[in-house]
Amino acid sequence: AVKETEMLQKLYNLLEAKGFQTRIEGVALLQELCKTSPQLISTNIVQIFDYFVLRLSDSHKKVKQKALDVLAEITGVLKDALNPVIIGLVEGITKNLNSKDPRVHAAAVNALEESIAHLDKVSLLKEFSYQWNQLSGQALLDIAERITVLVEWVYARSPEVVQHDALPVLWSFLENKALPVRSANVRTVATKLASALYKVMGTKLK
């Protein structure tokens, strides 16, 4: 137990260090611990994410990219253990979807895909919908596309969640709230969302 406490303290110290290379070491240590001691990470996930989630919006893009890459990797390892920190996780990812650095944006999209593959889809849809209202630009489209992907699965289990959380996103599109983004792109994404909703709801959508 003492050894585990010391290891966690070392992780926290590295993650909040002043030097960006030391913070990268902290992210790499988390990656390593997820492979060697997943139970330790799962048990302390809330406290660990208090430190780690800050690296997803780090001022240094190398730290940010590394953190997103590692998040994508550990999501498949930790799976349901991440459910208590879904809110911070989604928020951390979405903040990077408008990044002008193509590598950071790609890393954020990859982390997004891994979250859909491994985490609780009902919780994700709720959180995506909430975050959508805070977003602008390309991030709006990235998240709307993921909401579209989740609609069918979630509706089969919790139709009320789709009606409460996915429908308002479509209404916002129809009211042009997603602009200014290239209108052709908006139209494509909105059409896919409308089609997904119609597939599960039928004429109830009207």
Side-chain angles (χ1 to χ4, degrees), residues 41-43 45-50 52-53 56-57 68 71-72 74-98 105 108-181 183-206:
I41 302 302
S42 299
T43 308
I45 197 71
V46 174
Q47 193 173 355
I48 289 168
F49 254 70
D50 283 346
F52 176 68
V53 85
L56 296 173
S57 51
L68 287 163
L71 177 59
I74 66 176
T75 298
V77 176
L78 299 174
K79 297 181 180 171
D80 289 347
L82 287 168
N83 286 339
V85 294
I86 274 185
I87 292 173
L89 183 151
V90 171
E91 200 176 319
I93 295 170
T94 52
K95 279 179 181 171
N96 291 292
L97 291 171
N98 281 335
H105 178 261
V109 169
N110 189 32
L112 207 53
E113 294 296 342
E114 289 299 314
S115 70
I116 289 172
H118 299 291
L119 302 183
D120 179 64
K121 292 176 175 59
V122 175
S123 299
L124 280 176
L125 180 57
K126 288 179 181 176
E127 193 52 33
F128 286 165
S129 172
Y130 175 76
Q131 288 296 331
W132 198 84
N133 292 310
Q134 331 286 318
L135 299 172
S136 61
Q138 180 60 38
L140 280 172
L141 303 188
D142 285 338
I143 292 298
E145 285 182 330
R146 273 65 194 186
I147 290 173
T148 300
V149 167
L150 292 171
V151 160
E152 187 172 354
W153 193 96
V154 174
Y155 194 84
R157 290 151 184 84
S158 303
E160 68 284 354
V161 171
V162 169
Q163 289 171 24
H164 183 268
D165 294 295
L167 277 181
V169 175
L170 179 60
W171 303 156
S172 294
F173 270 124
L174 298 178
E175 292 166 5
N176 278 340
K177 284 186 185 166
L179 301 174
V181 186
S183 56
N185 297 349
V186 172
R187 213 162 24 246
T188 303
V189 173
T191 302
K192 282 181 185 170
L193 178 58
S195 299
L197 287 165
Y198 185 70
K199 184 179 175 186
V200 294
M201 295 178 70
T203 52
K204 267 199 290 185
L205 180 60
K206 290 181 183 177

key: Atom CD of Glu113 with >12 non-hydrogen neighbours under 6.0 angstrom   = yes

message = Closer than 3.5 angstrom, by distance alone: can the side chain of Ser172 be matched with the main-chain N or O of Pro168 as a donor-acceptor pair?
response = yes

message = Donor-acceptor check, side chain of Ser195 to backbone of Thr191, threshold 3.5 angstrom: yes or no?
response = yes

note = So CD1 of Ile74 and CD of Glu114: to nearest 0.5 Å the spacing works out to 11.0 Å

inquiry  = So which atom in Val189 and which in Ala144 form the shortest heavy-atom distance, rounded to 0.1 Å?
reply    = CG1-CB, 3.6 Å

inquiry  = For a side chain to side chain contact (heavy atoms under 4.5 Å, CB included) check, start with the C-alpha distance between Asp142 and Thr94, then their side-chain angles and the critical distance, and finish with the verdict.
reply    = CA-CA 9 Å; Asp142 285 338; Thr94 52; over 6 Å; no

message = Could you check whether any side-chain heavy atom of Ile143 comes within less than 4.5 Å of a side-chain heavy atom of Leu112, counting everything from C-beta outward?
response = yes

ask   = Considering only heavy atoms from C-beta outward, does the side chain of Phe49 approach that of Leu82 to under 4.5 Å?
value = yes

request  = Measure the shortest side-chain to side-chain distance between Val162 and Leu167 over non-hydrogen atoms and say whether it is less than 4.5 angstrom.
outcome  = no

task = For Val53 and Leu89, run side chain to side chain contact (heavy atoms under 4.5 Å, CB included): C-alpha distance rounded to whole Å, both residues' side-chain angles, the deciding distance at 0.1 Å, then the answer.
result = CA-CA 7 Å; Val53 85; Leu89 183 151; 5.9 Å; no

query = Less than 4.5 Å apart, any side-chain heavy atom of Arg146 and any of Ile116?
reply = yes

query = What are the two closest heavy atoms between Val151 and Ala196, and how far apart are they?
reply = CG1-O, 3.8 Å

key: Note, Leu193 side chain near Val169 side chain (heavy atom, < 4.5 Å)   = yes

remark   = One should read off an interatomic distance between Asn98 CG and His105 NE2, to the nearest 0.5 angstrom, of 7.5 Å

Validation row: Gln163, Tyr155 side chains within 4.5 angstrom (heavy atoms) = yes

task = Measure from the side-chain N and O atoms of Asn96 to the backbone N and O of Leu56, and report whether any donor-acceptor pair falls under 3.5 Å.
result = yes

key: Steps toward side chain to side chain contact (heavy atoms under 4.5 Å, CB included) verdict (Lys126, Val122)   = CA-CA 6 Å; Lys126 288 179 181 176; Val122 175; 4.1 Å; yes

request  = Output the distance between atom CG (Asn110) and atom OG (Ser115), rounded to the nearest 0.5 Å.
outcome  = 10.0 Å

request  = Taking all heavy atoms of Pro84 and all of Ile45, pick out the closest pair and write down the distance.
outcome  = CG-CG2, 4.3 Å

request  = Determine whether Ile86 and Val90 make a side-chain contact, defined as any pair of heavy atoms from C-beta on separated by less than 4.5 Å.
outcome  = yes

message = As a quick check of understanding, evaluate side chain to side chain contact (heavy atoms under 4.5 Å, CB included) for Lys121 and Arg157, giving each step before the final call.
response = CA-CA 10 Å; Lys121 292 176 175 59; Arg157 290 151 184 84; over 6 Å; no

remark   = Rounded to the nearest 0.5 Å, the CG atom of Leu205 sits from the NZ atom of Lys199 at a distance of 14.5 Å

Contact summary for Ala111 and Ala72, nearest pair of heavy atoms = CA-CB, 3.9 Å

ask   = Say you draw a straight line from NZ of Lys192 to CG of Leu170; how long is it, rounded to the nearest 0.5 Å?
value = 14.5 Å

query = Nearest 0.5 Å, what's the OG-CG distance between Ser136 and Leu141?
reply = 10.5 Å

query = Heavy atoms, side chains only, cut-off 4.5 Å: are Leu97 and Val109 in contact?
reply = yes

